[in-house]
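Here is the structure we will look at.
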Amino acid sequence: QVQLVESGGGLVQAGGSLRLACAHSGSSVIINAMVWYRPAPVKERESIATISSMGSTYYADSVRGRFTISRDTVKNTLYLQMNSLKPEDTAMYYCAASSGDFSGSYYYSPPYLNYDYWGQGTQVTVSS
């Protein structure tokens, strides 16, 4: 079994920055692709940033150029550096992990993967 625990959320003023972390633990489980999600107005959730085991990435239009996804394989931790935050970034942010993987560039839509493991979320609130 894999456990994902998010941290780093909080209250920040517009234009500020936050760094989210997602620590994952669990033995005998292969984790490849990982993703940060947040709820979306017109669909259940929006994949805002995805990273493969080899570092390929995808970003949603809404965050591209402001957010950066990364991972530390030694610390088993996924990160989301969020800069130039806007009030519309206010949401609960969730990380998820997949045994699946992807390669190459994804720009217009995220890679299609089944995510087997989910965290409980961390709240980000951006004040205007």
Side-chain angles (χ1 to χ4, degrees):
Q1 190 68 16
V2 174
Q3 283 191 319
L4 303 179
V5 180
E6 298 98 333
S7 62
L11 174 64
V12 64
Q13 287 189 327
S17 299
L18 282 174
R19 188 193 196 202
L20 306 184
C22 171
H24 56 91
S25 61
S27 59
S28 304
V29 174
I30 296 174
I31 289 179
N32 287 316
M34 298 191 73
V35 64
W36 286 100
Y37 276 113
R38 68 185 183 191
V42 295
K43 48 189 174 182
E44 181 179 348
R45 56 179 177 248
E46 176 185 28
S47 171
I48 59 170
T50 309
I51 189 166
S52 74
S53 63
M54 297 302 292
S56 296
T57 58
Y58 160 82
Y59 295 96
D61 286 345
S62 57
V63 306
R64 189 176 294 118
R66 300 187 297 123
F67 291 9
T68 302
I69 189 171
S70 62
R71 64 196 300 174
D72 185 325
T73 55
V74 173
K75 295 181 178 180
N76 288 337
T77 302
L78 175 73
Y79 299 101
L80 185 68
Q81 177 66 44
M82 305 188 295
N83 298 328
S84 302
L85 282 160
K86 305 175 181 180
E88 51 264 44
D89 293 318
T90 295
M92 185 74 81
Y93 285 71
Y94 300 89
C95 66
S98 174
S99 56
D101 210 353
F102 68 96
S103 62
S105 299
Y106 285 79
Y107 189 88
Y108 296 104
S109 61
Y112 181 77
L113 292 165
N114 290 318
Y115 290 95
D116 310 296
Y117 310 103
W118 291 80
Q120 295 299 307
T122 185
Q123 177 69 36
V124 172
T125 303
V126 184
S127 63
S128 57

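Positions are given from 1 along the sequence.
Heavy atoms of other residues, nucleotides or ligands lying less than 6.0 angstrom from CD of Gln3 number 12 at most. More than 12 heavy atoms of other shown residues, nucleotides or ligands fall within 6.0 angstrom of atom CG in Leu11.
Partners of Thr68 by side-chain contact (heavy atoms from CB on, under 4.5 Å), not counting sequence neighbours, listed by chain and number: Tyr59, Gln81. Residues that satisfy the salt bridge (Lys or Arg N to Asp or Glu O under 4.0 Å) test with Glu46, not counting sequence neighbours, are Arg38. Among residues two or more places apart in sequence or in another chain, the side-chain contact (heavy atoms from CB on, under 4.5 Å) test is passed with Thr90 by Gln123, Thr125, Val126. Looking at residues two or more places apart in sequence or on another chain, you find no side chain to side chain donor-acceptor pair (under 3.5 Å) involving Asn114. Arg45 pairs by the salt bridge (Lys or Arg N to Asp or Glu O under 4.0 Å) definition with nothing, not counting sequence neighbours. Residues that satisfy the side-chain contact (heavy atoms from CB on, under 4.5 Å) test with Asp101, not counting sequence neighbours, are Asn32, Ala33, Ser52, Ser53. Among residues two or more places apart in sequence or in another chain, the side chain to side chain donor-acceptor pair (under 3.5 Å) test is passed with Arg66 by Asp89.
Within the structure, disulfide (SG to SG under 2.5 Å) contacts touching residues 49-84 (residues at least two apart or in different chains) do not occur. Annotation: disulfide (SG to SG under 2.5 Å) contacts involving residues 83-128, sequence neighbours excluded, comprise Cys22-Cys95. Residue pairs meeting the disulfide (SG to SG under 2.5 Å) criterion with at least one member in residues 97-128, sequence neighbours excluded, do not occur. Pairs engaging residues 83-105 under the ring pair (Phe, Tyr, Trp, His ring centres under 6.0 Å) rule: Phe102-Tyr106 [sequence neighbours left out]. A disulfide (SG to SG under 2.5 Å) check over residues 40-86, counting only residues at least two apart or in different chains, returns nothing.
Pairing each heavy atom of Ser47 with each of Ala60, the nearest pair is O-CB, 3.7 Å. Nearest heavy atom pair, residue Ile51 against residue Arg71, reads O-NH1, 3.7 Å. Counting all heavy atoms, side chain and backbone alike, Pro39 lies closest to Met92 at CD-O, 3.2 Å. Pro110 and Thr50 get closest at one heavy-atom pair: CB-OG1, 4.5 Å. Closest heavy-atom contact between Leu18 and Gly8: CD2-O, 3.8 Å. Between Ile48 and Leu80 the shortest heavy-atom distance is CD1-CD2, 3.9 Å.
Two residues are said to be in side-chain contact when any heavy atoms from C-beta on lie closer than 4.5 Å; Leu20 and Met82 meet this criterion. With a 4.5 Å cut-off on side-chain heavy atoms, Tyr58 and Arg64 count as touching. Ser17 has its side chain within reach of Asn83: a pair of non-hydrogen atoms, C-beta onward, lies under 4.5 Å apart.
In terms of modelled atom types and a separation under 3.5 Å, the side chain of Trp36 and the main chain of Tyr79 share a donor-acceptor contact. Checked by atom type and distance alone, the side chain of Gln120 never pairs as donor or acceptor with a backbone atom of Val5 at under 3.5 Å.
At a threshold of 4.5 Å between side-chain heavy atoms, the hydrophobic network of Ile, Leu, Val, Met, Phe, Trp and Tyr places Leu85 and Ile69 in one connected group. Linking ILVMFWY side-chain heavy atoms closer than 4.5 Å, directly or via other members, places Leu78 and Leu4 in a single hydrophobic cluster.
In this structure, OG in Ser128 is found 14.0 Å from NZ in Lys86, a value given to the nearest 0.5 Å. With rounding to the nearest 0.5 Å, the separation of CG in Asp61 from OG in Ser109 is 10.5 Å.
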Exercise. Can you list the steps and then say if Val35 with Leu113 is a side chain to side chain contact (heavy atoms under 4.5 Å, CB included)?
Worked result: CA-CA 10 Å; Val35 64; Leu113 292 165; over 6 Å; no

